[in-house]
2 protein chains.
Amino acid sequence: MTVPLYQAKAEFFRTLGHPVRIQVLELLQNGPLPVRDLLAEIDIEASSLSQQLAVLRKAGIVTATRESGSVVYALSAPDVAGLLASARWILTEVLAGQGELLAELRAEAGRESDAPARRGPQVRQELGAL
Amino acid sequence: MTVPLYQAKAEFFRTLGHPVRIQVLELLQNGPLPVRDLLAEIDIEASSLSQQLAVLRKAGIVTATRESGSVVYALSAPDVAGLLASARWILTEVLAGQGELLAELRAEAGRESDAPARRGPQVRQELGAL
DNA sequence: TTACGAGTTGAAGAACTCTGCAATTTGCTA
DNA sequence: TAGCAAATTGCAGAGTTCTTCAACTCGTAA
């Protein structure tokens, strides 16, 4: 391995390691949204949201396009949904027996199985197993 | 959502956000290993490795058991492999066109497809797609 | 052109994380 | 029991990341 690849991976995960950034990604799973809508959903100051959006943008995980008076964000890799599902799945295992968040995770996964599925195939599998 | 679930997720990703921790998880994908072996593979001081192992332990991602004079670590959720594969997949998309790490990512995924597969089903799918 | 709304950027301070060293614990083996 | 090797823990300093506030840019509409 000539370039430290695990470093790129670590950076990528660190990029996801913030509550606001997670919320943004989850909201964008259902399609592109203008900043205004994100702001309405995420209880946070506009400038803070902008900071976090900048982090996601610099990492190349989301893209921003200006559209008549507002900026619209979208996932640049649609499989982020798969990653979040994987994470949910692992959290379920890791927390199994720890109670707490487990019920919520299950509820969330269930809600998604009902939702119209426009996602990668591996995600369906993971959710199915849940 | 009564407990901030996105916060649990963010913490989980933050836990993965360190090169040494990623290396540990990748090494453990092939089965449990004693600290000694991890230390031999990962160029780092013993105490630093211990610190990072403690982080993974506290997050419940790995487990440690003492076995005749050494401590053996194992993944507590075997699907961590799936998560890392998901991450690789996304990195591939995100970096597509940025060159750089892309060739390495592909090489790594290829190596794994050849390897004996004792992993969750979703992982095989993801690697297949790569 | 001016003013406005929508987002972004910059900077300072607080809060966290990382590293490496020294000290400590634990269980084996003599 | 004494000594050793294997890991872990505590701690201080260096480095990052977060938050908040104020200043700024950009496009649109008057």
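The chains referred to below are lettered A, B, ... by the order of the sequence lines, with proteins before strands, and numbering in each begins at 1. Here the structure is a predicted model, which means the values were calculated and not measured.
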Engineer: For residues 36-50 of chain B, tabulate all N or O donor-acceptor pairs below 3.5 Å that involve a side-chain atom, not counting sequence neighbours.
Structural biologist:
| residue | atom | partner | partner atom | Å |
| --- | --- | --- | --- | --- |
| Arg36(B) | NH2 | Ser70(B) | OG | 3.4 |

Engineer: Provide, to the nearest angstrom, the distance between the CD atom belonging to Gln52(A) and the P atom belonging to dT17(D).
Structural biologist: 11 Å
Engineer: Which of residues 34-45 of chain A sit near DNA chain C, with a heavy atom under 4.0 Å from it?
Structural biologist: Val35(A), Arg36(A)
Engineer: Check this one for me: any side-chain N or O of Arg14(A) less than 4.0 Å away from OP1 or OP2 of dC18(D)?
Structural biologist: no
Engineer: Quick one, give me the B/S/- string for nucleotides 23-30 of chain C, reading 5' to 3', where B means a protein heavy atom under 4.0 Å from the base and S means that only happens at the primed atoms, P, OP1 or OP2.
Structural biologist: ----SS--
Engineer: Between atom CD1 in Ile22(B) and atom P in dC18(C), what is the gap in whole Å?
Structural biologist: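 My rounded result for the distance is 12 Å.
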Engineer: Counting only side-chain N and O atoms of Tyr73(A), is one of them less than 4.0 Å from OP1 or OP2 of dA6(C)?
Structural biologist: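 For dA6(C), neither OP1 nor OP2 has a side-chain N or O of Tyr73(A) closer than 4.0 Å.
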Engineer: Just wondering, do Trp89(A) and Leu84(A) contact through their side chains at under 4.5 Å, heavy atoms?
Structural biologist: no
Engineer: Which whole-number value in Å describes the distance from Leu49(B) CG to dT8(D) P?
Structural biologist: 8 Å
Engineer: So Ser70(B), base contact, sugar-phosphate only, or nothing? Heavy-atom distance under 4.0 Å.
Structural biologist: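 Result for Ser70(B) = sugar-phosphate.
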Engineer: In dot-bracket form, 5' to 3', how is DNA chain D paired? Count Watson-Crick and G-U wobble pairs only if both distances fall under 3.5 Å, and write | where the partner sits on another strand.
Structural biologist: ||||||||||||||||||||||||||||||
Engineer: Using the test side-chain hydrogen bond (donor to acceptor under 3.5 Å, both in side chains), find all partners of Arg66(B) that sit at least two apart in sequence or belong to another chain.
Structural biologist: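 If we apply the side-chain hydrogen bond (donor to acceptor under 3.5 Å, both in side chains) test to Arg66(B), skipping adjacent residues, there are no hits.
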Engineer: Do any side-chain nitrogens or oxygens of His18(A) fall under 4.0 Å of OP1 or OP2 in dT16(D)?
Structural biologist: no
Engineer: In chain order, what residues pass the side-chain hydrogen bond (donor to acceptor under 3.5 Å, both in side chains) check against Gln52(B), with sequence neighbours excluded?
Structural biologist: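 For Gln52(B), the residues satisfying side-chain hydrogen bond (donor to acceptor under 3.5 Å, both in side chains) (neighbours in sequence not counted) are Arg21(B).
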Engineer: Detail all sub-3.5 Å separations between protein N/O atoms and N/O atoms belonging to nucleotides 10-12 of chain D.
Structural biologist:
| residue | atom | partner | partner atom | Å |
| --- | --- | --- | --- | --- |
| dG10(D) | O6 | Gln51(B) | NE2 | 3.3 |
| dC11(D) | N4 | Gln51(B) | NE2 | 3.3 |

Engineer: With sequence neighbours excluded, tell me which residues meet side chain to side chain contact (heavy atoms under 4.5 Å, CB included) with Ser76(A).
Structural biologist: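 If we apply the side chain to side chain contact (heavy atoms under 4.5 Å, CB included) test to Ser76(A), skipping adjacent residues, the hits are Thr63(A).
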